[in-house]
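Quick caveat: nothing in here was measured; it's all calculated off a predicted structure. Note: hydrogens, waters and symmetry copies are ignored here, and every other heavy atom, side chains too, is used. The first residue of the sequence shown is numbered 1, and numbering continues consecutively from there.
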Amino acid sequence: MCAWVAWLLVAVALPAKEFPVAAYGAKGDGTSVDTAAIQKAIDAAAEARGTVVFRPGVFLTGALFLKSGMGLRVDAGVTIRGVQDLRAYPERPTRVAGIEMNWPAALINVYEQKDVKIYGGGIVDGDGKYCWDSYWRLRKEYEPKGLRWASDYDAKRVRLIQVYKSSNVELRRLTLERSGFWTVHLCYSNHVTVDGITIRNNIGGRGPSTDGVDVDSSRDVVVERCDIECNDDALCLKSGRDADGLRVNRPTENVTIRDCTIRAGAAGITIGSETSGGIRDVLVSGLHVLAPVPIGICFKSAKTRGGTVERIDIRGLDLEGVSIPISITMNWNPSYSYAHIPDRTDKVPDYWRKLAEPVPADKGLPHFRNVQISDLKATGAKQAFEVNAYANDPIRDFTFSGIDIQSQTAGTIADAQHWTFRNTGLHTADGSRAALKNCGEMNGSP
């Protein structure tokens, strides 16, 4: 059903010349800060189109900026560990949770570059608990003031790897740990491959907003063979938030996600809640999602997001102990989704004004349509469906085929039109069928 645009990701070809960081003064003793030495090696490797290499050790560093035509090889036995000091991550223009603003650089940055490869078998460790703690402190202060929505933007935290306005980038065979914020963020980029990555963000605590892989207003992306344990969206497609996202108006499109295992996170596959630029032509297949992940497939947006999500093909999912196999909400997390600046607030930052800028009703409603979900097997579920939208903006043209869900109860489908069910087996302990509310032209039985 997806109108795929044919494209071929050209592998990044790097010469054999290696640039050992030790030759530039990096110690790798887990105590010395090696930022300057590693960056010197990066600069030299980029000039010669070579590859930066490390001897075994723990290399403590702040933000590193990779450059076009180079490789960063992190072999087994090597750990790149982030410094616990925000001053080591200089702020740069970027997008964060759907809003363009200045934000600390990631630990590893591919920023406005091309032809870059990051690979090996070693570890990139954000050591991010200091970021998690700062977030919870601020949120505890903000929530009584009606500023829950601002917490995620004011508590500045460090991503592990960002690819921003870049092309032809490969990220392969690494273990990524303890990110202070999102783990892999692909933003305004194209022709990117993320392959064979292991993400473990719940070491030493459960870090808030530690998404696994976020594909954000990017195109021609492949994410495959990843093993993810995080504390927020594991695999997530985004395209901007509210007025600022509608202004930028850049879609996420031509994305393939396949053969991944999700062990912890908010959902197996998430589309939204940032949908303002649109999300289209997506193929997701071969996901294995395990408890305690609460949701298998999650579509989410809000009445101020806007954008169109369409031509989504999700197939071959195996859900074990996942509470809700299919969740769709168009009014997600209101205390976060709808920004209101309290009266008599001093020193309002520009990005607060972006978040609070009114969106006309005719532009704010998101549109979800032309979605196919097939060959899904779920065992140990609590509620098969949790679906709601708006009466004047229903979720349209969803097709379900080869669905086998074993759950305690069926749940609810609201505000849906032109849904089709083929070869759908819903086995509920309480004998219920899905309750339909404000639905039209439902073909087959959920």
Side-chain angles (χ1 to χ4, degrees), residues 1-12 95 98 110 112-117 161-172 182 184-197 211-226 228 233-241 245-246 248-260 267-287 297-301 305-317 366-374 397-399:
M1 64 176 290
C2 293
W4 297 107
V5 177
W7 61 277
L8 175 66
L9 183 66
V10 179
V12 178
R95 176 193 263 177
V110 183
E112 298 181 341
Q113 305 297 317
K114 62 182 179 180
D115 302 330
V116 176
K117 185 173 183 178
I161 298 176
Q162 188 189 35
V163 179
Y164 180 77
K165 290 187 178 178
S166 295
S167 62
N168 203 21
V169 178
E170 296 181 30
L171 176 60
R172 298 184 186 272
W182 296 353
V184 177
H185 183 201
L186 315 178
C187 184
Y188 300 162
S189 294
N190 64 85
H191 294 89
V192 181
T193 293
V194 179
D195 179 14
I197 299 302
D211 290 18
V213 180
D214 290 294
V215 183
D216 185 0
S217 289
S218 293
R219 61 178 175 84
D220 301 334
V221 174
V222 174
V223 180
E224 59 186 348
R225 295 188 289 264
C226 294
I228 299 175
D233 294 316
L235 298 163
C236 190
L237 308 183
K238 303 172 175 287
S239 65
R241 172 173 177 162
L246 291 166
V248 173
N249 193 29
R250 289 184 64 159
T252 281
E253 57 187 341
N254 300 339
V255 177
T256 298
I257 298 174
R258 59 194 174 210
D259 302 333
C260 296
I269 177 68
T270 301
I271 297 181
S273 70
E274 297 149 30
T275 59
S276 301
I279 300 169
R280 60 194 181 222
D281 297 322
V282 175
L283 175 61
V284 179
S285 65
L287 300 190
I297 299 169
C298 180
F299 292 89
K300 59 184 181 180
S301 192
R305 293 288 189 274
T308 297
V309 175
E310 61 184 341
R311 301 194 297 273
I312 311 296
D313 188 341
I314 302 174
R315 60 178 72 174
L317 270 61
H367 309 299
F368 280 60
R369 63 194 185 199
N370 296 331
V371 173
Q372 184 176 69
I373 298 174
S374 61
D397 301 313
F398 274 51
T399 299

How far apart are the C-alpha atoms of R280 and E310, what are their side-chain angles, what is the distance that settles it, and do they pass the salt bridge (Lys or Arg N to Asp or Glu O under 4.0 Å) test?
CA-CA 5 Å; R280 60 194 181 222; E310 61 184 341; 5.2 Å; no
Quick one, V163 with V116, criterion side chain to side chain contact (heavy atoms under 4.5 Å, CB included). Give me CA distance, side-chain angles, the key distance, then yes/no.
CA-CA 10 Å; V163 179; V116 176; over 6 Å; no
Evaluate side chain to side chain contact (heavy atoms under 4.5 Å, CB included) for L237 paired with V309, printing each intermediate quantity in order.
CA-CA 10 Å; L237 308 183; V309 175; over 6 Å; no
Set out, in order, the CA-CA distance, both residues' side-chain angles and the distance that settles side chain to side chain contact (heavy atoms under 4.5 Å, CB included) for C226 and V194, then state yes or no.
CA-CA 8 Å; C226 294; V194 179; 4.1 Å; yes
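Separating the CG atom in N168 from the NZ atom in K117 is a distance of 11.0 Å, to the nearest 0.5 Å. The CZ atom of R315 lies 5.5 Å from the CG atom of L283; values are rounded to the nearest 0.5 Å. Atom OG in S167 sits 8.5 Å away from atom NE2 in H191 (nearest 0.5 Å). Put simply, SG on C298 and CD1 on I271 are 9.5 Å apart, with the number rounded to the nearest 0.5 Å. Rounded to the nearest 0.5 Å, atoms CG (L287) and CD1 (I314) are 8.5 Å apart. How far NZ of K114 is from CG of N190: 11.0 Å, rounded to the nearest 0.5 Å.
In this structure a side-chain-to-backbone donor-acceptor pair under 3.5 Å is present from S189 to K165. Side-chain N or O atoms of S239 include none that pairs as donor or acceptor with a backbone N or O of S217 at under 3.5 Å. Under the 3.5 Å distance criterion, the side-chain polar atoms of T252 are left unmatched by any main-chain donor or acceptor of I279. Listed for the S218 side chain is a donor-acceptor partner under 3.5 Å among the backbone atoms of L186. Between the T270 side chain and the C236 main chain, no donor and acceptor come within less than 3.5 Å of each other.
A salt bridge links E224 with R258: the distance from a Lys NZ or Arg NE/NH1/NH2 to an Asp or Glu carboxylate oxygen falls below 4.0 Å. Between E253 and R219, no side-chain nitrogen of the basic residue sits less than 4.0 Å from a carboxylate oxygen of the acidic one, so the salt-bridge criterion is not met. With salt bridges taken as basic N to acidic carboxylate O contacts below 4.0 Å, one links R225 and D195.
Across R95 and G245, no two heavy atoms sit closer than the pair NH2-CA, 4.3 Å. Of all heavy-atom pairs spanning E274 and W182, the tightest one is OE1-CH2, 4.4 Å. Residue V223 comes nearest to C260 through the heavy atom pair O-SG, 4.3 Å, listed as atom of the first residue, atom of the second, then distance. Of all non-hydrogen atoms in E112 and S166, the two that sit nearest each other are N-OG, 3.2 Å. When all heavy atoms of T275 and R305 are compared, the pair lying nearest together is OG1-CB, 3.5 Å. Residues A234 and G268 share a closest heavy-atom pair of CB-O, 4.3 Å.
Between the side chains of D220 and N254, at least one donor N or O sits under 3.5 Å from an acceptor N or O.
Counting only heavy atoms from C-beta outward, the side chains of K238 and D211 approach each other to under 4.5 Å.
Y188 and Y164 have tilted rings, their planes meeting at an angle from 30° to 60° on a 0 to 90° scale.
Under the side chain to side chain contact (heavy atoms under 4.5 Å, CB included) test applied with I269, the options V282, I297, I312, D233 reduce to a single match, I297.
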